[in-house]
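The model shown is predicted, which means the values in this text are computed figures rather than measured ones.
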Amino acid sequence: MSGLLEPNRVVAAVKGLHWRTSLEIHKLLKDNEDFCISYNDGEEGAEPEKIDVEKLVGMLPLHLLSVFISSHEEDGKLRYLLSGIRLLNTFCDLTSRHPRLDQVLLDDVVLTAQMLDLVIFTMVALGGNRKESWKSDYDSLIEATMVASTLHLMHGFISPNSQDLVIVLLAHPKVDVFIDAAFGAVHNVVRSLRAKLLHRQADQPKKLGANSVGAVNAHCQQAEAALQFLHSLCQHKLFRDRVAKNQELCGKGGVLMLAQSILSLYITPEWVGAAVIIASISRINAKALSLLHHLFEAESVSFLDEVERSGSLHLAQTVASKVLELMRLGLSRASKASPPPHEYPMGFVLLNAMRLADVFSDDSHFRRFFTKHFTMVLSAVFCLPHGDFLSMLCSSDLSSREDDATLDYDLFTSCGWVLSAFSSPGELAVPQFKLNFQNNFTMSSYAHQRTSLIVKIMANLHCFVPEVCTEDDRNRFIQTFVSGLRKDPTSILVNLLPSSTYTPEAQRGTSVCKNISSLLHHAEFLIPNALNVEDLMILRVFCQQLEPLIRSEFEESQAEVKDNQGAGGSSSGKQLGKEPLNLNNDEASEDSDVRAEGAATKQGVNNEEMETAERSKESDNLETSGSETSSNRGGKGLVDQAEDGDLARTFTKRLKVSASSREAKEDERAEASLLLEKQRTKRKRSIMSDDQMAMMEKALVDEPDMQRNSAWIRTWADKLSLQGPEVTSAQLKNWLNNRKAKLARAASKQGPSRDNNSSGDLPESPGDENTWQQQQKPTTPFADKASASSSEGLKRGQQVMLVDERGVEVGKGTVLKTDGEWYGLSLETRQVCVVDVMELSGLYDYSKMSIPYGSDDVGRTFGEANSRFGVMRVAWDVSKLQ
């Protein structure tokens, strides 16, 4: 490249060419063999100027940098620089079509270094002054666009892949300067957005026009695009470790101040109807929470320890308060049966807030804060009725979920709108960038993530480590939890549900025990994909200690209510106050030899406990109505007999009988109350008429193991629905399991005899059912094979033949998975395993044949399964494998 262009010619070229799209410039270059293009400098009557593109590209980065340094005209400088960045990005887009541009822009190391210097200096200039200052709408919006556009320019001249950007940036000698300045520049963008959201109400009390909403929308998009760029870099370990070591950002709280400003973005009433603005701010919150979580998990340095050493814990405390508020709001919305739909994706706000809470609650500086405040939220959640609680935390099929998305930022369009918006006589439509959904897991995976995080937080708060915790922290969590059960849930959660929706206080003890039991059982199915055994064991200890406390806390009040009612409402003379809860005496926890402060630490879970958890998990093969993963267990049992008629007796076994006759009488009254309540509930659980049950009894004479065959269950559910009340397949399977369990109890006491009473009571112990099954001879074609499969066990990699209900061969394959959960399907409970089908029988057209347990996630035919997994991977009944 010989000769240089005059600076005034470069300025004219930038002003005349930045409006042209890459396609227009491509056509101009294609029509001119000398690699020159003509442009109009804007003066009337002036002849078009011709300029050498190769020379222009070679000078442009250094020219823009010199203008940034030397120019003192603040009003026009940023606008001109934005035009230059827009033109530079257009040339970068053309490198794939023009080898000469590729050689100049991408292969020239010197020019690449100059462009990187331009980016770093722009960040320094726009991020240096971090004090609040008022700026006009135009100034704040053009600065926000400058920050977002300059950051995304690196995708043009380095790589669209963030991993490549990380490698280049970490190799640059000024990488720490860039990191500090970039976070500061994005912080300034958020500050100006916050000021714009707050000051609009005072400046323009009248109804805002489309142009005002458009300006705020554009500002939100620039802030989201800039933060999204930093978030993409921090997803890589090497970069976030470098950020965590940055003294300005971590030691002095720069990142925490950025997060605090983002989480403080407030939607004033005039913006309530602007769905696109609300969604954008929500996604910004979600990305800020995720970015913080990445930094908290940095391996090279402890982020919170660095914050403590620098004396900035107060900033972390403020962020923790914001996280707690987001969780309170998110769980309140999740408790609604049908949350309002959102027009735009809102981001994983609740999920990311819970991930941060998991880190905060495991840190000694914040455990007491979360114990005090978040425990009350947990208490309110556990006060939900049992069905609502199951739908919220013990289900794989939620009524709604959060949706995440990334902004497909268009630098050319964004800069063009900002440069035209305040100079155009009319209103311009704001370009709405495309949102790419980033939902990396299914509905069931999202539900399991949310539940597992609740369990992890509870385990963190209940765990007592003598080396870290003080004596005052012992049992603080469980005491706060029990005291929170006495409070009005509507005063804790955001008042989205009427107070009548929650369990009445007189019945709250029973309901909370059922809820905690269901959560414990559901958590067992989350191991090991979403939860570890250590957290499960700590939750188990918490449940064991909670039961007697709930009994002592609520049964007395129930007895007092009955006394008052019996006396016509007169005072019974009993003291309403209670002694402080004490978990260290023998009466409070008779059968809990494992203490939270002992074996319940995350470092102290031994192999015996893990084996016990696995045995307990394997023995749970009954389902209950309300949740596909909620069933009753024997073994340790917390309130696992909650669906049985023995709830009060289960509680009584766990407590020592007091020497006081007064306490004994109160126990009897409370037990009678619970039994009476349970009997009323039990009468409501009849799902079939007498004629329908008689039909089933006749059918079970020929098919005693019907609950093992899903096809038979579906067939009989349809038959029964024609003869009386509608019966679903899930309800029928639950009824069959309950009936078989009752026969098992009878067999264990009286020997193998049939019981014609088909009330469907639940078993006291799954072990009794196994005893009954061993005494029965299978009569179905596949019963022998199912029995062999469950006794000997299918193994991963085993070659099997798949057959249908008639025993006809479907195909041959290899066993992939035999236990755990697969896309929301509990394999042990349903007696199912996952098989990779390698060969299908010639009788079948696999592209059209439906598969059992099909869904949108795994496909509904063999062809769809093959397209999703690259192999015909299906769930198949164990009884139909040979």
Side-chain angles (χ1 to χ4, degrees), residues 619-625 628 631-632 634 643-645 682-791 803-807 826 828-832 852 877-880:
S619 68
D620 298 334
N621 55 0
L622 300 181
E623 292 182 353
T624 62
S625 58
E628 71 273 23
S631 62
N632 290 354
E643 293 294 341
D644 197 7
K682 187 174 178 179
R683 286 195 294 270
K684 296 178 182 178
R685 291 178 58 211
S686 178
I687 61 173
M688 295 191 295
S689 65
D690 293 339
D691 292 338
Q692 289 173 320
M693 286 191 286
M695 290 176 60
M696 287 305 305
E697 290 296 335
K698 292 179 181 179
L700 287 169
V701 173
D702 299 326
E703 304 294 347
D705 291 321
M706 185 183 295
Q707 79 279 356
R708 295 182 180 274
N709 193 308
S710 58
W712 286 337
I713 291 176
R714 287 194 294 269
T715 300
W716 274 101
D718 295 338
K719 290 182 180 180
L720 293 173
S721 298
L722 297 175
Q723 303 299 324
E726 182 181 359
V727 179
T728 65
S729 299
Q731 289 174 325
L732 179 57
K733 183 171 184 178
N734 182 56
W735 184 87
L736 290 168
N737 283 330
N738 294 341
R739 176 189 177 279
K740 196 170 187 71
K742 183 171 182 177
L743 293 177
R745 290 201 304 273
S748 65
K749 296 178 180 179
Q750 304 173 1
S753 60
R754 294 191 60 84
D755 189 343
N756 292 327
N757 186 352
S758 304
S759 61
D761 288 344
L762 293 182
E764 292 181 357
S765 172
D768 296 338
E769 180 183 357
N770 295 336
T771 303
W772 169 255
Q773 290 174 349
Q774 293 172 3
Q775 297 169 347
Q776 300 300 312
K777 291 186 177 181
T779 58
T780 62
F782 308 108
D784 292 326
K785 198 167 298 299
S787 177
S789 298
S790 40
S791 62
V803 298
D804 60 12
E805 290 84 354
R806 299 170 297 171
S826 175
E828 296 104 320
T829 303
R830 304 296 294 270
Q831 291 292 311
V832 170
D877 289 329
V878 173
S879 60
K880 300 174 188 173

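- Between Ile713 and Leu736, the closest side-chain pair of non-hydrogen atoms falls below 4.5 Å.
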Apply side-chain contact (heavy atoms from CB on, under 4.5 Å) to Met695 and Leu720, showing your working.
CA-CA 8 Å; Met695 290 176 60; Leu720 293 173; 4.2 Å; yes
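- A heavy-atom distance below 4.5 Å is not found between the side chains of Asp877 and Arg830.
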